[in-house]
Amino acid sequence: MSKSEQWHGGKGSYRRNENREAYSDNWDAIFNKPKAEEETPEVPEESPEDRFERHMKPIRDAQKNDR
């Protein structure tokens, strides 16, 4: 851009054509719908020993492959 040209405001300096009715309907459809209750799957409780063994298994397997 040369110094003689007037700056046009940069990217986003004007509004796009818009359909306010569609925007409003979509906004309502997205944000005003009731929240669906999510079911959380039951996770069995794990003892500290089992958790440690689960954590160590890939490490032990990798050590076996290194030998």
Side-chain angles (χ1 to χ4, degrees):
M1 179 166 82
S2 69
K3 290 185 179 184
S4 63
E5 293 180 23
Q6 185 177 2
W7 182 57
H8 67 276
K11 185 174 183 179
S13 61
Y14 62 93
R15 292 187 60 109
R16 296 181 182 182
N17 295 334
E18 60 185 49
N19 181 342
R20 288 182 182 262
E21 185 176 339
Y23 183 89
S24 176
D25 291 342
N26 290 334
W27 181 275
D28 291 341
I30 294 169
F31 296 109
N32 289 341
K33 63 183 176 185
K35 293 182 180 179
E37 292 185 24
E38 297 180 17
E39 294 183 23
T40 54
E42 290 186 29
V43 178
E45 288 195 32
E46 189 174 37
S47 70
E49 292 84 14
D50 291 340
R51 183 174 179 203
F52 178 77
E53 290 301 321
R54 182 174 50 87
H55 172 76
M56 291 301 294
K57 184 178 182 328
I59 296 170
R60 290 185 179 131
D61 291 342
Q63 288 173 344
K64 285 180 189 176
N65 293 333
D66 287 345
R67 293 181 190 171

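Shown are M56, R51, K57; of these, the side chain to side chain contact (heavy atoms under 4.5 Å, CB included) with R54 is made only by R51.
Within 6.0 Å of CD on E21 lie no more than 12 heavy atoms contributed by other residues, nucleotides or ligands.
In this structure, CG on D25 lies 13.5 Å from CZ on R20, to the nearest 0.5 angstrom.
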